[in-house]
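Heads up, the thing below is written out as structure tokens.
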2 protein chains.
Amino acid sequence: MSKQLPLVATESQCCSPLTREPLSEDQSAELARVFKALGDPVRLRLLSLIASHAGGEACVCDLTDAFDLTGPTISHHLKVLREAGIIDGERRGTWIYYRVLPTTLQMLSSVLMTTA
Amino acid sequence: MSKQLPLVATESQCCSPLTREPLSEDQSAELARVFKALGDPVRLRLLSLIASHAGGEACVCDLTDAFDLTGPTISHHLKVLREAGIIDGERRGTWIYYRVLPTTLQMLSSVLMTTA
DNA sequence: CGTCTAGGTTGACAGACATCTATCTAGAGC
DNA sequence: GCTCTAGATAGATGTCTGTCAACCTAGACG
């Protein structure tokens, strides 16, 4: 459903810790896209609601009540997360269920890893 | 040097994996601030240049040549990273040396951790 | 003190972005 | 087919942000 290929498509082209060596312009552009998607409080809350929901997924109908925002705004935010490769959606009848794509989060997590 | 207290100030108020339970509005606002700071390619590259530099720190003079941007723009980006609690700076004579604050990156990394 | 380099701050500006209203699309039920 | 609900899309709008030119501050040196 996501138009853009997520970074996780191939492990080989991504991503050792950024503390190891300078990121290339391409790498930083791709990573920044994902971090930017997470750089909004509403989207972060949406993500955490989805991820922690029973069964590891949630339909939009489970999400909207938590926010004092209109449907189109929630849709827009979900779209940003989807296009960043962070979540994916699946239609079931009239409902759309979203789940987190764990590999993207894991990739981000490992990029941020420092020598402890 | 950072005006805002970074999230890492107390371990007790932050931050279990966001897949575990929904983030509060406060938590998401604070986290989004840090992710947003990382959500720019220039800032990501600056961060990786600093982190991977010999001795784990770099002066601004080591950084500026890697970008086709003016000094004020680099300063602005460094300020964003600093205020997000990601880097810290120290003046040594006419030079300012920046280093990464590893606890912030570690905190972000663990927030993004999923059950593998 | 004056002069220099390093690097930060201020303000303007074009483009990006979060939000809403209006509308459209997808699916279900009759 | 029509009607309904769920949820996405399009466009307008106010706000935010990356960038630069102009300027300021910090420190070193003579």
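Both backbone and side-chain heavy atoms feed into the values below; hydrogens, waters and symmetry mates do not.
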Problem set entry | Cationic N near anionic O, under 4.0 Å, B:Asp88 to B:Arg99 | yes
Seminar exercise, completed: The nucleotide from C:dC20, D:dT19, C:dG8 with an atom nearest the side chain of B:Pro72 is C:dG8
Problem set entry | A:Phe67 six-ring centre to A:Arg45 NZ/CZ under 6.0 Å and within 45° of normal | yes
Problem set entry | Spacing between A:Asp68 atom CG and C:dT19 atom P, to the nearest angstrom | 11 Å
Exercise. Taking the side chain of B:Val60 as its heavy atoms from C-beta onward, which of D:dT9, C:dC20, C:dG7 lies nearest to it?
Worked result: C:dG7
For this session: Indicate yes or no: at least one non-hydrogen side-chain atom of B:His53 is less than 4.5 angstrom from one of B:Glu57.
Result: no
Exercise. Think A:Tyr98 has a side-chain N or O under 4.0 angstrom from the OP1 or OP2 of D:dA6?
Worked result: no
Exercise. Rounded to whole angstroms, how far apart are OH on A:Tyr97 and C1' on D:dA6?
Worked result: 11 Å
Exercise. Expressed in angstrom and rounded to an integer, what is the separation of B:Arg92 atom CZ from C:dT5 atom C1'?
Worked result: 18 Å
Exercise. Over how many whole Å does the gap from B:Leu81 atom CG to D:dT17 atom C1' extend?
Worked result: 14 Å
Problem set entry | Contact nearer the 5' end of DNA chain C, comparing B:Ile74 with A:Gly93 | B:Ile74
Seminar exercise, completed: Taken to the nearest whole Å, NZ/A:Lys79 to P/D:dA6 is 22 Å
Exercise. So which nucleotide from D:dA26, D:dG7, D:dT9 ends up closest to the side chain of B:Arg91?
Worked result: D:dA26
For this session: Give a yes/no answer on whether the side chain of B:Arg43 brings an N or O atom under 4.0 Å of OP1 or OP2 in D:dG18.
Result: yes
Problem set entry | Chi angles and distances behind the side-chain hydrogen bond (donor to acceptor under 3.5 Å, both in side chains) call for A:Tyr97, A:Arg91 | CA-CA 6 Å; A:Tyr97 280 79; A:Arg91 182 172 277 278; over 6 Å; no
Problem set entry | Candidate pair B:Asp62 and B:Cys59, rule side-chain contact (heavy atoms from CB on, under 4.5 Å), full reasoning | CA-CA 5 Å; B:Asp62 295 322; B:Cys59 80; 3.6 Å; yes
For this session: Could you state the atom-to-atom distance from CD of B:Glu90 to C1' of C:dG8 in whole Å?
Result: 17 Å
Problem set entry | Flag for B:Ser52-A:Thr19: side-chain donor and acceptor within less than 3.5 Å | no
Problem set entry | Proximal nucleotide (of C:dT19, D:dG7, D:dC20) relative to the A:Leu69 side chain | C:dT19
Problem set entry | Atom-pair distance (CG on A:Leu38; C1' on C:dC17), nearest Å | 16 Å
For this session: Nearest whole angstrom, please: distance from the P of D:dT17 to the CZ of B:Arg33.
Result: 12 Å
Problem set entry | Contact under 4.0 Å: A:Thr94 side-chain N or O vs C:dG27 OP1/OP2 | no
Exercise. Of A:Gly71 and B:Asp40, whose nearest nucleotide on DNA chain D comes first from the 5' end?
Worked result: A:Gly71
For this session: Compare side-chain N and O positions of A:Lys36 against OP1 and OP2 of C:dC17 and report whether any pair is under 4.0 Å apart.
Result: yes
Problem set entry | N/O (side chain, A:His76) to phosphate O (OP1/OP2, D:dA10) under 4.0 Å | no
Problem set entry | Residue-phosphate contact under 4.0 Å: A:Thr73 side-chain N/O, C:dC20 OP1/OP2 | yes
Seminar exercise, completed: Regarding the side chain of A:Ser75, the nearest nucleotide among C:dC20, C:dG8, D:dG7 is D:dG7
